[in-house]
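First the structure, in the form of structure tokens, and then the observations on it.
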There are 2 protein chains.
Amino acid sequence: MGIFTGSQTNKLDKKGRVSVPRNFRALFDQEKFQGVYVFPSFRVAALEACAESFMERIVDSLEDLPLFSDDQDDLSIIVESAQRLPFDTEGRIVLPDDFRATAGLKSDVKFVGRGRTFQIWHPAHYDAERGPAFERAKTRALTLKLRRPSRAGDEEA
Amino acid sequence: MGIFTGSQTNKLDKKGRVSVPRNFRALFDQEKFQGVYVFPSFRVAALEACAESFMERIVDSLEDLPLFSDDQDDLSIIVESAQRLPFDTEGRIVLPDDFRATAGLKSDVKFVGRGRTFQIWHPAHYDAERGPAFERAKTRALTLKLRRPSRAGDEEA
DNA sequence: TGGATATTTATGGGCGTCAATGGGTCATAT
DNA sequence: ATATGACCCATTGACGCCCATAAATATCCA
């Protein structure tokens, strides 16, 4: 599976529908479920979204935590609040009212790639939150320790 | 995959298109995705560019950090701002407006090889930024500690 | 070695296709 | 009835594909 990168802003219509960017949708070709899993972020005022296969990874990771522990209990909120939203014929999803409310979404919706997941923002909120993050990266000169390349001649299935 | 070296200046047309130098494009032969990932540098007034396989290394490296952690959040800005720009039939890419703005690009665009990545500059800005850097390296006689060749040999200190 | 010719690369513009958007209809569930 | 969701269609505007030309490089031959 590929990666979600970059961002794109699309319109939310009266019916609560919004087109998922073509680039993002393209990564769902091999997915069983043609649609996204969406849940509120508990860090920022945005929604998190991913494919079914990644949601299964989350569930598996939760199982690694001690059964009935506080951590497992708290983090399970992700699964509890996640909605399964199928694409319509045109590649749109319907965002439920409570999701629109928690993310403060109005007429415009910004899709932001985060690798294996992507986020759904009110454009102005994104600029307010992430603009400073870019500045922090600049001033603190954050560096990322890169993994060694997996293999020299990267051949894929 | 080979390495990006040297530099070349090409024209940006009215549509925002610019040819990627043939030398650079040649390194994309074994890539799944025929195009580049471009994102603003947070060190200099230029754009960074790389192939898909390198961007996947970045994403994988981010995944080594805990999900939803602060570090992961800050460093994700690279992935969030990276746009996927495919080559057209002639080997050109379209540079989005905001990228042209952040790098101050006008009619001419300078491609600068940086090994696994390359940069995209306004030619004048490059001369202003990098000229002094070259002078500094010369006067301070900078040295680089080389990694040992991967072929196994003696390991004496 | 020089000059003519062929090949490749860069550049510019027209045009068809497709993604995004908005609205309508029908079935189902409340 | 009213709301919700799945599908269909029409519009528009951006993007990708195509071709035509120019510039640069390589190739060939006298």
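Sequence lines set the chain letters: A, B, ... in the order given, protein chains first and strands last, and positions in each chain run from 1.
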Describe, as an angle rounded to 10 degrees, how the axis at the first end of the helix from C/dT1-D/dA30 to C/dT30-D/dA1 is tilted relative to the axis at the last end, five pairs per end. 30°

Which pairs, protein N/O on one side and nucleotides 4-6 of chain D N/O on the other, fall under 3.5 Å?
none

Here's a test for you: under ring-ring contact (aromatic ring centres under 6.0 Å, His included), which of B/F118, B/F111, B/F54 qualifies with B/F4? B/F118

Would you mind classifying the nucleic acid contact of A/V20 as base, sugar-phosphate or nothing, using non-hydrogen atoms under 4.0 angstrom? sugar-phosphate

May I ask you to decide if B/P21's main-chain N or O and B/S19's side chain share a donor-acceptor pair within less than 3.5 Å? no

Side chain to side chain donor-acceptor pair (under 3.5 Å) pairs touching residues 95-113 of chain B, sequence neighbours excluded, are B/K11-B/D108, B/D97-B/R100

A/L12 has an atom CG; how far is it from atom C1' of C/dG22, in whole Å? 13 Å

Does a nitrogen or oxygen in the side chain of B/Q8 sit under 4.0 Å from OP1 or OP2 of C/dT9? no

Under 4.0 Å from OP1 or OP2 of C/dA10: is there any side-chain N or O of B/K11 that close? no

List the residues meeting ring pair (Phe, Tyr, Trp, His ring centres under 6.0 Å) with A/F134, not counting sequence neighbours, and say none if there are none. none

For A/D108 and C/dA20, give me the distance from atom CG to atom C1', rounded to whole Å. 13 Å

Got a sec, which residues hit salt bridge (Lys or Arg N to Asp or Glu O under 4.0 Å) with A/R17, two or more places apart in sequence or on another chain? A/D13

Salt bridge flag under 4.0 Å for residues B/D88 and B/K15: no

Under-3.5 Å N/O pairs linking protein and nucleotides 5-8 of chain C:
none

Can you tabulate the close N/O pairs, meaning under 3.5 Å, that link protein atoms to atoms of nucleotides 9-11 of chain D?
{"residue": "D/dC9", "atom": "N4", "partner": "A/E90", "partner atom": "OE2", "Å": "3.3"}

Do B/E80 and A/Y126 get their side chains close enough for a donor-acceptor pair, meaning under 3.5 Å? yes

A/R116/B/D60 ion pair, N-O < 4.0 Å: yes

In whole Å, what is the span from the CZ atom of B/F24 to the P atom of C/dA10? 11 Å

Given atom NZ of A/K14 and atom P of D/dA3, what is their separation to the nearest angstrom? 15 Å

With sequence neighbours left out, the residues meeting ring pair (Phe, Tyr, Trp, His ring centres under 6.0 Å) with A/F99 are none

N/O donor to acceptor pairs below 3.5 angstrom from side-chain atoms of residues 23-33 of chain A, sequence neighbours left out:
{"residue": "A/R25", "atom": "NH1", "partner": "A/V20", "partner atom": "O", "Å": "2.7"}
{"residue": "A/E31", "atom": "OE1", "partner": "A/S53", "partner atom": "N", "Å": "3.2"}
{"residue": "A/E31", "atom": "OE2", "partner": "A/S53", "partner atom": "OG", "Å": "2.7"}

Between atom CG in B/L95 and atom P in C/dT11, what is the gap in whole Å? 13 Å

Under the salt bridge (Lys or Arg N to Asp or Glu O under 4.0 Å) test, which residues partner A/R84, sequence neighbours left out? A/E52

Would A/R43 and A/E129 pass as an ion pair if we require N to O under 4.0 Å? no

Figure out the CG/P separation between B/D13 and D/dA22, and round it to whole Å. 17 Å

Could I get the full list of salt bridge (Lys or Arg N to Asp or Glu O under 4.0 Å) partners for A/K145, not counting sequence neighbours? none

Those residues that, when tested against A/Q72, pass side-chain contact (heavy atoms from CB on, under 4.5 Å) (two or more places apart): A/L65, A/L67, A/S69, A/S76

Here the distance between atom C1' of D/dA24 and atom CG of B/N23, to the nearest Å, is 13 Å

B/F87 CZ to C/dT9 C1', in whole Å, measures 14 Å

